[in-house]
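Protein chains get the first letters and strands the later ones, always in sequence-line order, with residue 1 at the start of each.
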Amino acid sequence: MPDLLANLNPEQLAAVTLPDEPALILAGAGSGKTRVLTTRIAWLLQNGRVSPAGVLAVTFTNKAAKEMQARLSALLPINTRGMWIGTFHGLCNRLLRAHYHDAGLPQTFQILDSQDQLSAIKRLLKALNVDDEKYPPKNLQYFINNAKEQGLRSGQVEANDAFNRKFVELYAAYEAQCLREGVVDFAELLLRCYELLQHNEPLRVHYQARFRHILVDEFQDTNRLQYAWLKLLAGQHNAIFAVGDDDQSIYAFRGANVGNMADFEREFHVRHLIKLEQNYRSHGNILDAANALIAHNAHRLGKNLRTDAGHGEPVRVFEAATDLQEANWLIEEIKALINQGAARQDVAVLYRSNAQSRVLEHALVGAGIPYRVYGGLRFFERQEVKHALAYLRLMENPRDDTAFARVVNFPARGIGARSLEQLADAARLYNCAMFEAVPYMTGKAGTNLGAFVKLIEQMRAETRQSTLPETVEYVIQGSGLNAHYQTEREGQDRLENLQELVHAAAAFVSEEGYGLDAPARMLAVRSRAQALPGTDGEAGGTVVDADTPIEMTPLAGFLSHASLEAGDNQAEAGQDAVQLMTVHAAKGLEFAAVFVTGLEEGLFPHENSAMEQDGLEEERRLMYVAITRAKERLYLSFTQSRMLHGQTRYNVRSRFFEELPEGVLKWLTPRVAAGSRWTGNDSAWGRNWFGKPQAPAQPEAWAATPGDVALAQRSRAAEAGFRVGQGVFHTKFGEGIIVGLEGSGADARAQVKFGRHGTKWLALSVAKLQAID
DNA sequence: GGGACATTGATTTTT
DNA sequence: TCAATGTCCC
């Protein structure tokens, strides 16, 4: 038996061997978090503290779940099958599939992804004749998801004004529509699962008795509902082992509630709080920078990273005149790194927002450096793939109007908007699905729609005996998708993706290790039928738990899989390429060399964050995440001007520079004191970009470029006492932040972003702007 | 039904 | 700027 505990540092060891009680592990960046998590599980099993069936480990992403699974099987020779390792959504799906009846769902319920949800909402608004200008579908979607994540049904949401009452009313209508169609959105998976456990005592007692150990990854990212769900499962006696890092909480905007960490500590009377502060990733200077930066945040649980590695290289800082120049400098630096022996994939270029990648990509293409951009469309989100899945969904569940609307006229079958409106009216009249309303249609519309229904039914009949990949292949042909894309000029890629979908189906069927939460996998798990008194009447009191094989076609399993795991982000992973991504996307990753670009006020920290509660602190955590990605080399860069949304913007360097210790920084360009930058200080004129001395620019030349003109204008605006990023107060609009300045003297104007009033240009000579801190 | 044209909006994003 | 979405028209 291998010694699991060998090579753990004292804190890691303490965490792994904690008693069976609630515990909070504050795991700093690069501190061996996943190792502790997996070793903890292995240790519990090895010492007979729990059987595999008593373990539930939950993550946010499929990737993390898979990694945990893989590392666990590497640690332990035993079969880990009884264990539940998966994402919140995957595990909830699994529970709901097993107990669909108790949960009030049809057996064939389908999962809507965000795209599907939005189209369902648009369809709803249309059906109810709601003005989508006044009630934008996206806002309603946010409203609904937000409510669900607070655990609130439409009847429980408080609405104090007519506008919100309308939203609540629409939320209720949406709930009804989903129920009628047999579909659930992502938030619904969680909420419904929560309600299932909450209202069904025997079930709750059963699962509470089962999962003695619940382990949670990235605990700082949990939302209120996920926390409540965990609390419910844990009951009074189970041990939650929560691992997270409040300093890396960067998802408040999608409902993550760092407060869950403090709540957990309090509500569970956590006696074991362990900090993992030993960092195995970065050199000293990089950690010093990270520690100093994050110390500026007020609300922290408190943590300081340390390393045994030396100081290493200094953190290099570069100031560019324009985004173009920043990109060119980046290219030169990357080339140099590669010349020094770095692999391209060891180099990451990070940015705050996706829009920044364009100019960087352009430069990389020009330099002939292979690169890979993370983010963008994923496999199962592609139009052609979603079309094919919609046909499959319709065959599985004809009540799914979202799927129906998506493909009823794609490829074109002469079923226009008018026919569909009539059909929707009929469906409403008879309170049935659009699919079921087709027989009520007459005339040409009736004929065409009837043919569509026949097609679906025929495909379903024809594939009754087929394997899943055969079914998918059949549908791609039979639906006419294949023929359609063959005639389309740029349909080649789409055809390949459709073929890839057949492969994905084959892989889904044959693959052993696609994750325990994948529903089809349940078929392989041996029955553990247990007597659960009082639940659901079906088998005379003998009730099954979610390990029991349930009747589900491979197709149904595949459709869940497609919704819950959107697939890889584009680009061939194999190639040695420079990695481009947002800072958010970089969380959890590490690279030998990291470039953090666009470190400018307004961009990073982002101007919108100034309006958000604790927005700046979250931006700072984001910066902290960016810094701690680097192992050996860290570059920080910013520009004086940048093209954004078709306009050149003039920025000052990010305030974060002022929060980094001078001693670890190496300025590749002269450091200009903050604040003196725009006052016409001479030091700004004699800049030398690549360490080479450069003659001061001629005033004419200085004024010749657009950037410089604006620079001069800014200087004058600054004389009036204003600068970009400055907080101001306006008697009518309230507090705001300056995001732009132009003109001088009587023409000087400031662009100010106000909370409720949006962004406005104000003439400084007219508007009474007061500087605030 | 699809191409041409206008409009809009643009942090971050997993499930 | 530029992509995605919506609208108009034949």
*Asks:* When you match A/His484 and A/Ala187 each to their closest nucleotide on DNA chain B, which lands nearer the 5' end?
*Replies:*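 Nearer the 5' end of the strand: A/His484.
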*Asks:* Tell me the interatomic distance from A/Arg352, atom CZ, to B/dA10, atom C1', rounded to whole angstroms.
*Replies:*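 Computing the A/Arg352:CZ to B/dA10:C1' distance gives 13 Å.
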*Asks:* Can you check the A/Asn146 CG to B/dT13 C1' distance for me, whole Å?
*Replies:*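 Distance check: A/Asn146 CG to B/dT13 C1' gives 15 Å.
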*Asks:* Report which part of the nucleic acid A/Gln115 touches: base, sugar-phosphate, or nothing (heavy-atom distance under 4.0 Å, all strands).
*Replies:* nothing
*Asks:* Taking atom P of B/dT14 as reference, at what distance in whole Å does atom CZ of A/Phe219 sit?
*Replies:*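 The distance from CZ of A/Phe219 to P of B/dT14 comes to 21 Å, rounded to the nearest Å.
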*Asks:* B/dT15 P sits how many Å from A/Leu189 CG, rounded?
*Replies:* 13 Å
*Asks:* Whole Å only: how far is the OH atom of A/Tyr251 from the P atom of B/dT13?
*Replies:* 6 Å
*Asks:* Between atom CD1 in A/Ile111 and atom C1' in B/dT14, what is the gap in whole Å?
*Replies:*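 It is 14 Å, rounded to the nearest whole Å.
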*Asks:* When you measure from the side chain of A/Asn62, which nucleotide among B/dA10, B/dT12, B/dT15 comes out closest?
*Replies:*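 In terms of side-chain proximity for A/Asn62, the closest of B/dA10, B/dT12, B/dT15 is B/dT15.
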*Asks:* Any idea which of B/dT15, B/dT12, C/dC2 is nearest the A/His584 side chain?
*Replies:*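 Shortest atom-to-atom distance from the side chain points to B/dT12.
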*Asks:* Just checking, any donor-acceptor pair under 3.5 angstrom between side chains of A/Gln117 and A/Asp185?
*Replies:* yes
*Asks:* Looking for any heavy atom pair under 4.0 Å, which part of the strands does A/Phe88 touch: base, sugar-phosphate only, or nothing?
*Replies:* nothing
*Asks:* For C/dA3, does either OP1 or OP2 sit under 4.0 Å from a side-chain N or O belonging to A/Arg358?
*Replies:* yes
*Asks:* Any idea which of B/dT15, B/dT11, B/dT13 is nearest the A/Thr61 side chain?
*Replies:* B/dT15
*Asks:* Using the P atoms only, state how far C/dA4 lies from B/dT13, rounded to an integer number of Å.
*Replies:* 16 Å
*Asks:* From the list B/dT15, B/dT12, B/dG1, which nucleotide is the closest neighbour of the side chain of A/Ser353?
*Replies:*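 Ranking B/dT15, B/dT12, B/dG1 by closest atom to the A/Ser353 side chain puts B/dT12 first.
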*Asks:* Does a side-chain N or O of A/Arg378 approach OP1 or OP2 of B/dT13 to a distance below 4.0 Å, or not?
*Replies:*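 It does not, given that no N or O in the side chain of A/Arg378 lies less than 4.0 Å from OP1 or OP2 of B/dT13.
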*Asks:* Name the nucleic acid region contacted by A/Glu619, choosing base, sugar-phosphate or nothing; use a 4.0 angstrom heavy-atom cut-off, strictly under.
*Replies:*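 Result for A/Glu619 = base.
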*Asks:* Please work out if A/Ile415 contacts a base, only the sugar-phosphate, or nothing of the nucleic acid, heavy-atom cut-off 4.0 Å.
*Replies:*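 A/Ile415: backbone/sugar contact only, no base atoms under 4.0 Å.
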*Asks:* State yes or no: are the ring centers of A/His584 and A/Phe253 separated by less than 6.0 Å?
*Replies:*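 For A/His584 and A/Phe253, the ring centres are under 6.0 Å apart.
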*Asks:* When we call it a touch if two heavy atoms are under 4.0 Å apart, what does A/Lys122 touch: a base, just sugar-phosphate, or nothing?
*Replies:*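 Sugar-phosphate, backbone atoms only, no base.
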*Asks:* If stacking means aromatic ring centre less than 5.5 angstrom from the base's six-membered ring centre, planes under 30°, is A/His89 stacked on B/dT15?
*Replies:* no
*Asks:* Could you say whether A/Arg413 or A/Leu622 is positioned toward the 5' end of DNA chain B, judged by the nucleotide with the nearest heavy atom to each?
*Replies:* A/Arg413
*Asks:* What is the distance from NE2 of A/His362 to C1' of C/dT1, rounded to the nearest Å?
*Replies:* 14 Å
*Asks:* Under 4.0 angstrom, heavy atoms only, what part of the nucleic acid is A/Asn354 near: base, sugar-phosphate, or nothing?
*Replies:*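 Here A/Asn354 touches the backbone only, sparing every base.
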*Asks:* When you check the side-chain N and O atoms of A/Gln220 and A/Asp246, is any donor under 3.5 Å from an acceptor?
*Replies:* no
*Asks:* Going by an N to O cut-off under 4.0 Å, is there a salt bridge joining A/Glu600 and A/Arg642?
*Replies:*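 Salt bridge between A/Glu600 and A/Arg642, a charged N being under 4.0 Å from a carboxylate O: yes.
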*Asks:* Measure the distance between the ring centre of A/Phe60 and the centre of the six-membered base ring of B/dT14, then answer whether it is under 5.5 Å with planes under 30°.
*Replies:*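 Stack criterion not met.
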*Asks:* When we call it a touch if two heavy atoms are under 4.0 Å apart, what does A/Ser114 touch: a base, just sugar-phosphate, or nothing?
*Replies:*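 Answer is base: heavy atoms of A/Ser114 come under 4.0 Å of a base.
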*Asks:* Please give me the minimum heavy-atom distance between A/Lys587 and A/Asp221, naming the atom from each residue.
*Replies:* NZ-OD2, 2.9 Å
*Asks:* A/Asp221 has an atom CG; how far is it from atom C1' of B/dT15, in whole Å?
*Replies:* 13 Å
*Asks:* Around atom CZ of A/Arg224, are there more than 12 heavy atoms from other residues, nucleotides or ligands closer than 6.0 Å?
*Replies:* no
*Asks:* Once you apply a heavy-atom cut-off of 4.0 Å, does A/Asn409 come out as touching a base, just sugar-phosphate, or nothing?
*Replies:* sugar-phosphate
*Asks:* Are the charged groups of A/Arg153 and A/Glu188 less than 4.0 angstrom apart, N to O?
*Replies:* yes
